[in-house]
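One structure is given here, and the rest of the page talks about it.
Below, read A as the first sequence line, B as the second, and so on, with proteins coming before strands; counting in each chain starts at 1.
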Amino acid sequence: MATTPSLPITQFSPTKLRIDTTNPLSLLPKCTSLRELKQIQAFTIKTHLLNDLNVVTKLINFCTQHPTTSSMDHAQHLFDGISEPDTALFNTMGRGYSRSKTPFRAICLFVQVLNSGLFPDDYTFPSLLKSCASMGAKALQEGKQLHCFAIKFGLNNNVYVCPTLINMYAECNDVDAARRVFDKISEPCVVSYNAIITGYARTSRPNEALSLFRELQERNIKPTDVTMLSALSSCALLGALDLGKWIHEYIKKYRFDKYVKVNTALIDMYAKCGSLDDAVSIFNNMSVRDTQAWSAMVVAYATHGQGYKAISMFEEMKKAQLSPDEITFLGLLYACSHTGLVEEGCRYFYSMRDKYGIIPGIKHYGCMVDLLGRAGRLDEAYRLIDELPITPTPILWRTLLSACSSHGNLELAKQVIERIFELDNSHGGDYVILSNLCARAGSWEDVDFFRKLMRDRGAVKVPGCSSIEINNVVHEFFSGDGVHSVSTDLHRALDELVKELKMVGYVPDTSLVYHGDMEDEEKEITLRYHSEKLAIAFGLLNTPPGTTIRVVKNLRVCGDCHSAAKLISLIFDRQIILRDVQRFHHFKGGKCSCGDFW
DNA sequence: ATAGGGTTAG
């Protein structure tokens with residue numbers, strides 16, 4: 001492979017290049033390395049220019065463009081040599097700190113600016129606010145103080161400061177504050193729109209994101225590639241396939257498909273909206289694919305239950321000379337755990353650090369707990385969490401709790417729920433799992449104990465909700481809708497449906513119903529009006545025969561609904577694609593893509 | 001010398 005030879009020192013000789021020796025800075029645009037910069041700097045010393053603030057600022061700016069440890073050290077050295085820096089110099093140095101991911105230093109520098117009696121200007125705030133944003137919620141206080149200073153110096157309405165303010169609040173987990181800043185702008189530009197739309201998309205508020213996306217179009221403001229990313233991610237959150245397709249058309253029309261990131265967001269949107277085929281075709285048509293695009297495909301195959309394809313994507317990616325990142329590994333480990341490939345999963349987990357130098361994060365450990373737990377290696381999973389180098393989250397224990405539940409291990413489940421309660425006792429779902437486990441073991445006193453505990457602590461279970469999009473309208477159904485109200489056409493249709501299912505061998509699994517003191521018939525009705533059954537029945541009634549039914553559920557699919565969906569796909573010859581909170585289930589011809597392993 | 005960014009366990 002040919003490498004670009006580094007420029008020989010002589011090339012910087014002013015006589016050979018006939019360069020104005022009084023202006024060594026004219027060499028800066030051609031400068032490509034820190035070594036060359038130091039040579040230019042040598043000239044500035046010769047010509048007594050190194051005390052010129054403007055010159056030093058330019059040298060420092062060069063060092064901070066693509067910061068490395070040595071270039072930042074050099075910038076610091078240059079900065080320290082100046083006795084009376086001006087605002088511009090402070091700004092440049094501060095931006096360097098922000099870029100080199102040392103946000104705290106950037107903020108300390110701002111304090112120096114104020115103490116020196118200098119005035120911050122419109123260049124001062126963007127990088128400082130970005131520093132706060134990069135630290136997340138823990139920097140909200142600092143961010144608010146900077147906001148106050150921006151107001152004090154009359155810069156809060158500046159066209160460059162506004163979007164960073166919005167972004168800072170959004171990244172520091174206060175999207176509503178971000179919105180208040182946005183709403184005060186009289187004529188928001190597309191960057192401010194992007195900042196707030198992205199904030200909503202990232203905090204799982206897709207409806208607000210999309211309504212601002214519509215507002216932007218009504219105002220005839222031209223969206224950018226960044227707008228497309230957030231709009232697509234909102235569709236992905238909602239599972240809104242039709243809207244996603246519309247945005248895809250829009251992207252093609254305005255040529256946003258030349259951006260790799262937009263294509264990656266399209267892959268993710270199609271995968272999350274249940275159309276794996278479309279995701280694959282976007283990927284196949286991409287001319288340039290980066291690590292992120294490959295990762296999106298690994299995740300897509302994994303969540304659709306095609307573990308082996310996810311793994312082969314990973315192998316092909318390596319052949320394409322791209323290195324996996326932490327997200328690629330999440331997808332890969334996820335694929336292994338949902339396909340039951342325990343040994344492979346462990347091997348990949350260890351190779352992360354040993355071969356690729358990626359330190360496993362809390363989510364990777366989560367995958368490992370799931371992997372071992374599903375395989376019934378519950379004690380190993382428990383030990384893994386207990387010996388974690390990082391503080392476990394309740395989610396990690398909850399993963400193990402659901403493994404205990406599927407393996408019927410009440411003893412361990414009781415230990416695990418204690419560990420969960422140490423961290424969070426407000427999650428109704430945990431009590432329900434325990435109480436159901438106790439019911440299955442016939443331990444009715446324990447059932448009452450956990451039910452009472454849940455009531456006393458005011459812990460609530462999120463109600464199950466399933467939605468289905470038909471002709472651009474999203475219909476939502478809640479679990480138990482109609483159990484106590486007058487029956488409608490939908491309920492009558494569902495009653496008929498259950499009769500038909502029973503004829504082909506369906507037996508309602510009432511052991512999954514939580515309310516222990518109900519009569520069996522009552523339990524069966526509760527089960528019958530589960531949100532996913534209501535949504536599927538609605539889809540059967542309102543779409544032409546043979547159409548695929550796509551349902552999105554907010555929780556994990558219930559076991560009884562899963563059996564029912566398999567039978568429905570068989571007797572009505574319909575494909576049903578159900579997205580639950582963690583994965584996809586493709587029902588076809590009486591079978592599910594998850595192989596009943598979820 | 002100035003802004004906004006997709007993929008993330010259950």
A:Tyr193 ring center within less than 6.0 Å of A:Phe213 ring center
no
Side chains of A:Ser405 and A:Asn436 only: does a donor on one sit below 3.5 Å from an acceptor on the other?
no
So does A:Lys363 get a side-chain nitrogen or oxygen closer than 4.0 Å to the phosphate oxygens (OP1/OP2) of B:dG10?
no
Rounding to a whole Å, what distance do you find between A:Ile395:CD1 and B:dT8:C1'?
12 Å
Distance-only donor-acceptor check, side chains A:Arg377 and A:Tyr382, under 3.5 Å
no
For A:Leu129, which contact category applies under a 4.0 Å heavy-atom criterion: base, sugar-phosphate, or nothing?
nothing
Looking at every strand, decide which applies to A:His338 at a 4.0 Å heavy-atom threshold: base, sugar-phosphate, or nothing.
sugar-phosphate
Name the nucleic acid region contacted by A:Ser402, choosing base, sugar-phosphate or nothing; use a 4.0 angstrom heavy-atom cut-off, strictly under.
sugar-phosphate
Integer-rounded Å distance: B:dA9 C1' and A:Glu326 CD
14 Å
From NZ of A:Lys258 over to C1' of B:dG6, roughly how many Å is that when rounded to an integer?
17 Å
A:Asp122 near the nucleic acid: base, sugar-phosphate alone, or nothing, with a heavy-atom cut-off under 4.0 Å?
base
Just checking A:Val369: base, sugar-phosphate only, or nothing, at a heavy-atom cut-off of under 4.0 Å?
nothing
Sugar-phosphate, base or nothing in reach of A:Gln582, heavy atoms under 4.0 Å:
sugar-phosphate
Need one value for A:Arg583: base, sugar-phosphate or nothing, where a base atom within 4.0 Å counts as base even if backbone is also close, heavy atoms only.
nothing
Identify whether any heavy atom of A:Asp268 sits under 4.0 Å from a base atom; if not, whether one sits that close to sugar-phosphate; answer base, sugar-phosphate or nothing.
sugar-phosphate
CZ of A:Phe90 versus P of B:dA1: gap in Å, rounded?
18 Å
Would you mind classifying the nucleic acid contact of A:Thr393 as base, sugar-phosphate or nothing, using non-hydrogen atoms under 4.0 angstrom?
base
Look at all strands and tell whether A:Thr264 reaches a base, only sugar-phosphate, or nothing, counting heavy atoms closer than 4.0 Å.
base
Name the nucleic acid region contacted by A:Thr224, choosing base, sugar-phosphate or nothing; use a 4.0 angstrom heavy-atom cut-off, strictly under.
base
Side chains of A:His562 and A:Glu532: any donor to acceptor distance under 3.5 Å?
no
Residue A:Arg556, side-chain heavy atoms: nucleotide from B:dG10, B:dG4, B:dA1 that is nearest:
B:dG10
Between B:dT8 (C1') and A:Tyr365 (OH): distance, integer Å
16 Å
Parallel, tilted or perpendicular: which one describes the rings of A:Phe90 and A:Phe79, with boundaries at 30° and 60°?
perpendicular
Separation of atom OH in A:Tyr348 from atom C1' in B:dA9, rounded to whole Å:
18 Å
Does the structure show A:Tyr123 stacking with B:dA1, if we require the centres to be closer than 5.5 Å and the planes to be within less than 30 degrees of parallel?
yes
Rounding to an integer number of Å, can you tell me how far A:Asp121 CG sits from B:dA3 C1'?
15 Å
Touch class at under 4.0 angstrom, heavy-atom based, for A:Gln65 against every strand present:
nothing
Looking across every strand, which nucleic acid part, if any, lies under 4.0 Å from A:Ile166 by heavy atom: base, sugar-phosphate, or nothing?
nothing
Answer yes or no: is there an ion pair linking A:Glu380 with A:Arg383, defined by an N-O contact shorter than 4.0 Å?
no
Does B:dG5 have OP1 or OP2 sitting under 4.0 Å from an N or O in the side chain of A:Asn167?
yes
